[in-house]
**Student:** 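Here it is, the structure, as structure tokens.
One-based numbering, in listed order, for ligands and for the atoms of each. This one's a predicted model, so the numbers in the text were calculated from it and none came from an experiment.
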Amino acid sequence: MSDIADGETRIVRSTVWSAGAGCHGGCGVNLHVRDGKLEKIEGIADHPYNQGTLCPRALALKDYAYHPNRLTRPLIRTGARGTDTWRPASWDEALSLVESKLSAVKQEFGAESTVFVQGTGRDVGGWLVFLAYNYGSPNWMQALPGNSCYHPRLLAMKVAMGDYVVPDNSQFQQARYESPEWRLPECYVVWGQNPVATCNDGNHGHWIIHCVKRGSKLVVIDPNYTWLASRADIWLPLRPGTDGALALGMLNVIIEEELYDKDFVEKWTVGFEQLKARAAEYPLDRVAEICWLKKDLIAEAARAYARASPAALQWGVPVDMAPEGFSVASAINHLWAITGNVEIPGGMIVARPAFGMTAYPMSQDAIQDMYGDLMDKDQQAKRIGVDEFPLVRHMHWRAQPDSVITQALTGKPYPLKASVIAGTNFVVGAQDPLRWRKAFENLDFNVVVDLFMTPTAMALADVVLPSASFAERDGIRAWWSPLTAQNTAIRFGDCRSDAEICFELSRRLRDDFQFETLPDLYRYYLKDTGQTLEDVREEHWIMPPRDSPAMPYHRHEKGLLRADGKPGFATPSGKIELASSQMQEWGYDPLPVYVEPTYSPVSRPDMAEEYPLILNTGSRTIAFFHSEHRNVPKLRRLNPDPLVEIHPETAANYGIADGDWVWLENHVGKCRMRAKFAYVHPRVVVAQHSWWMPEKVREKDYGAYESNVNMLMPGGLSSKSGFGGAQVKSVLCRIRKADDQAAA
Ligand SMILES: Nc1nc2c(c(=O)[nH]1)N[C@H]1C(S)=C(S)[C@@H](COP(=O)(O)OP(=O)(O)OC[C@H]3O[C@@H](n4cnc5c(=O)[nH]c(N)nc54)[C@H](O)[C@@H]3O)O[C@H]1N2
Ligand SMILES: Nc1nc2c(c(=O)[nH]1)N[C@H]1C(S)=C(S)[C@@H](COP(=O)(O)OP(=O)(O)OC[C@H]3O[C@@H](n4cnc5c(=O)[nH]c(N)nc54)[C@H](O)[C@@H]3O)O[C@H]1N2
Ligand SMILES: [Mo]
């Protein structure tokens with residue numbers, strides 16, 4: 001537990017999350033502490049989640065937590081934005097300043113004029129929404145066009161199935177692979193996901209490898225020859241951004257060849273005939289041409305998936321990034337739906353938080369529960385994007401990012417005045433970053449919460465608040481089972497966790513705030529679980545009992561998925577909606593459809609002459625989490641320079657040698673990277689994302705715009721639904737050798 005005693009080594013059991021390794025997983029760790037100092041981090045060998053394994057970023061925790069550049073005190077700007085002019089302040093002074101500025105905005109313009117901005121799913125989002133709603137603003141957002149990270153997939157599942165599903169790798173079983181209830185997926189499709197580097201949402205990378213080692217047939221759908229693709233039974237190297245066509249083509253094969261699960265389709269789905277007609281518009285010839293794939297290979301993959309039972313499918317962010325991310329996700333959702341791989345062992349199972357809780361202590365549901373209502377309807381109606389995107393109005397709880405940027409730039413329909421930016425470095429990571437920067441320069445007051453001085457903080461912040469690494473945090477989460485705790489092992493500087501910061505600001509900004517302390521809030525969060533805070537922290541990992549509604553299988557048959565207790569799914573029809581009644585009602589196409597990338601050799605042959613290559617970006621590396629970790633020498637050594645992968649023959653055409661510095665250029669911008677020969681498609685180059693140079697001069701934005709591939713990304717390409725379409729996986733570019741070959 002969280003003893004911090006002197007003289008002897010103590011082991012604090014905790015769970016990896018941000019800040020540190022970064023990712024969304026839940027690896028169990030022992031943090032060895034002596035005299036208040038972190039000595040060592042190790043994976044817990046018998047932990048059911050990570051079984052002792054840890055990634056290099058988690059293993060580098062000491063270097064991250066004790067990094068000499070970490071912010072240790074709140075800073076208040078003394079000069080112009082973009083200059084390195086700050087004075088340290090006490091927490092009380094800094095928070096009082098934030099309190100008075102936000103109160104003034106609320107009074108003069110309304111709370112909606114303050115936006116709350118987060119990046120990916122860190123130990124930040126729950127707290128930031130807590131703060132936003134306690135303050136009274138409906139404008140809480142993710143810093144990514146079209147919410148193009150997981151939200152399109154989440155909403156597609158919610159619309160079609162009323163729930164979220166994940167592949168069943170036995171993670172809901174204490175005995176894991178040995179559990180008699182679980183079955184090995186006969187076929188495992190990995191669709192635009194690289195589990196080796198990312199361990200993305202609800203799925204630890206090793207689990208897939210474990211299944212494959214145990215005998216699952218592996219299908220990999222990925223333009224690039226990844227480590228996993230090299231081990232696949234079937235590898236579909238599709239043209240980037242064409243996943244929608246492939247999914248519809250596979251649906252068509254499965255339907256045409258009657259390989260779908262007829263009983264399941266009849267009993268548990270609606271809209272099959274409509275889907276069948278839509279899929280028929282995607283015959284193999286057409287799909288093969290769109291996707292640059294061989295017809296037979298597509299058919300073989302579709303058959304391998306449909307004939308296997310059970311079959312699992314793990315998908316990744318390229319699905320969301322596609323021009324109509326929501327639509328692509330819907331088509332893939334229908335693959336497991338029509339093959340009956342739902343709520344069966346080894347298939348796709350509904351993921352719900354442990355013990356019927358909310359995922360994190362302070363989600364919008366918890367606030368609603370506590371105060372009777374999240375906020376009044378008039379205030380909610382001011383959420384940015386609800387008029388433009390019905391899907392945001394009916395199904396989502398966040399502002400639409402593209403609409404926020406436009407509104408910050410135009411001041412219409414109402415002015416934006418202030419922001420709290422926590423756990424995002426969008427001046428590096430967002431598409432067309434200078435546009436984002438300009439949008440936030442328009443605001444009168446920006447608070448940035450981070451562990452380091454980043455290009456975003458330097459360019460935009462008026463107040464910077466120093467955040468804590470996960471080793472310095474207490475917390476609880478119930479995200480897709482089990483119940484886990486983070487326990488404080490060390491302290492660093494004057495840093496505070498996002499929970500502490502948002503809690504204190506909420507206390508200051510809400511008149512009828514209910515809690516005295518954070519532990520009070522955690523106890524409230526645990527109130528219906530039968531668990532005490534002390535137990536959860538001591539155990540640090542509690543699997544709900546097998547008969548809990550949070551646990552699989554066959555819950556739709558048992559009436560455990562719907563609020564009314566009837567069998568079926570939590571959709572209007574009670575069935576999986578292959579054609580969505582809700583989408584129809586809200587004015588959208590009820591069926592999935594393929595949309596060609598906005599800038600591709602097909603959609604823009606005129607541009608393809610000047611920019612003949614497809615630029616595919618953002619494949620994760622195990623060394624970094626987005627723009628993080630460039631400043632940790634141990635990790636930087638794994639990947640010292642910003643890399644763009646290129647086929648040797650393509651490189652030869654442009655006189656480029658392996659390791660040369662090159663310029664990538666297109667109609668939006670350019671960036672300087674190092675060429676790395678790789679087995680990628682000769683017409684595609686694959687560039688790393690979110691590079692900046694923490695070692696460079698602070699006032700010059702740390703080289704944030706030099707080797708940053710987002711400088712070539714058109715901004716504001718959100719899909720029509722408002723979900724998906726950042727299109728960072730497929731735009732056009734050209735490449736040339738840089739005249740200056742000095743390191744960046
Ligand atoms: N070209 C291209 N661009 C992409 C992508 C791509 O594939 N290609 N991927 C996109 C995707 S999917 C996403 S989700 C975004 C991610 O974008 P962001 O979430 O903005 O990620 P980062 O750039 O790492 O910025 C996170 C910042 O938060 C800080 N931080 C880390 N942990 C904590 C914490 O616990 N609390 C606080 N307060 N701060 C913390 C870090 O120091 C860092 O400065 O990037 C997107 N950008
Ligand atoms: N180490 C590390 N882990 C991370 C992150 C990180 O930055 N670093 N980021 C986290 C975040 S926020 C996210 S969203 C996840 C993302 O993690 P993933 O979902 O795994 O996303 P990517 O790494 O962008 O791409 C995954 C695979 O898709 C392939 N791909 C590229 N374009 C396409 C395409 O158009 N279609 C298909 N089918 N495949 C394509 C790439 O070659 C790559 O092998 O990772 C999370 N985990
Ligand atoms: Mo993401």
**Student:** Backbone, side chain, both or neither: what part of N425 comes under 4.0 angstrom of ligand 1, heavy atoms only?
**Tutor:**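 Near ligand 1, N425 shows its backbone as well as its side chain.
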**Student:** Any atoms of ligand 1 less than 4.0 Å from a non-hydrogen atom of T424? List them with their elements.
**Tutor:**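 Reading through ligand 1 atom by atom, the close ones are 20 (O), 25 (O), 26 (C), 27 (C), 28 (O).
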**Student:** Closer than 4.0 angstrom: is that true for some heavy atom of R473 and an atom of ligand 1?
**Tutor:**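 So R473 counts as touching ligand 1.
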**Student:** Output the list of atoms in ligand 1 that are nearer than 4.0 Å to some heavy atom of S18, sorted by atom number.
**Tutor:**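 Taking each heavy atom of S18 in turn, ligand 1 has 32 (N), 34 (C), 35 (O) under 4.0 Å.
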**Student:** Only pairs at least two apart or in different chains count here, so list each side-chain hydrogen bond (donor to acceptor under 3.5 Å, both in side chains) that has a residue in residues 56-69.
**Tutor:**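 Found D63-K634, Y64-E628.
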**Student:** Quick one: ring-ring contact (aromatic ring centres under 6.0 Å, His included) partners of F624, sequence neighbours excluded?
**Tutor:**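 Result, ring-ring contact (aromatic ring centres under 6.0 Å, His included) vs F624: W691.
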**Student:** So is V428 touching ligand 1 or not, going by heavy atoms under 4.0 Å?
**Tutor:**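 Outside the 4.0 Å threshold, so no.
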**Student:** I need the atoms of ligand 1 closer than 4.0 Å to a non-hydrogen atom of L451, numbered in the order shown.
**Tutor:**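 Answer, ordered by atom number: 30 (N), 33 (C), 39 (N), 40 (C).
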**Student:** Go through the side-chain N and O atoms of N710 and D432 and say whether any donor and acceptor fall under 3.5 Å apart.
**Tutor:**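 Not at all, the side chains of N710 and D432 share no donor-acceptor pair under 3.5 Å.
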**Student:** Please determine if R630 forms a cation-pi arrangement with W692, meaning its NZ or CZ atom is less than 6.0 Å from the six-membered ring centre and no more than 45° off the ring axis.
**Tutor:**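 No, cation not above the ring by the 6.0 Å, 45° rule.
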**Student:** At less than 4.0 angstrom from any non-hydrogen atom of T454, what atoms of ligand 1 do you find?
**Tutor:**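 So the answer, numbered in order with elements, is 44 (O).
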**Student:** Of all the atoms in ligand 1, which lie at a distance below 4.0 Å from a heavy atom belonging to V449?
**Tutor:**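 Matching atoms, with element in brackets: 37 (C), 38 (N), 39 (N).
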**Student:** side-chain contact (heavy atoms from CB on, under 4.5 Å) with N194: which residues, sequence neighbours excluded?
**Tutor:**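 By the side-chain contact (heavy atoms from CB on, under 4.5 Å) rule, N194 matches V196, A197.
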**Student:** Could you pull out every protein residue that has a heavy atom closer than 4.0 Å to ligand 2, ordered by chain and then number?
**Tutor:**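 Residues within 4.0 Å of ligand 2: H24, R57, T120, C149, W191, G192, Q193, N194, A197, T198, N200, I221, D222, P223, N224, T226, L238, P240, G241, D243, G316, V317, P318, N616, G618, S619, R620, T621, I622, F624, F625, H626, K729.
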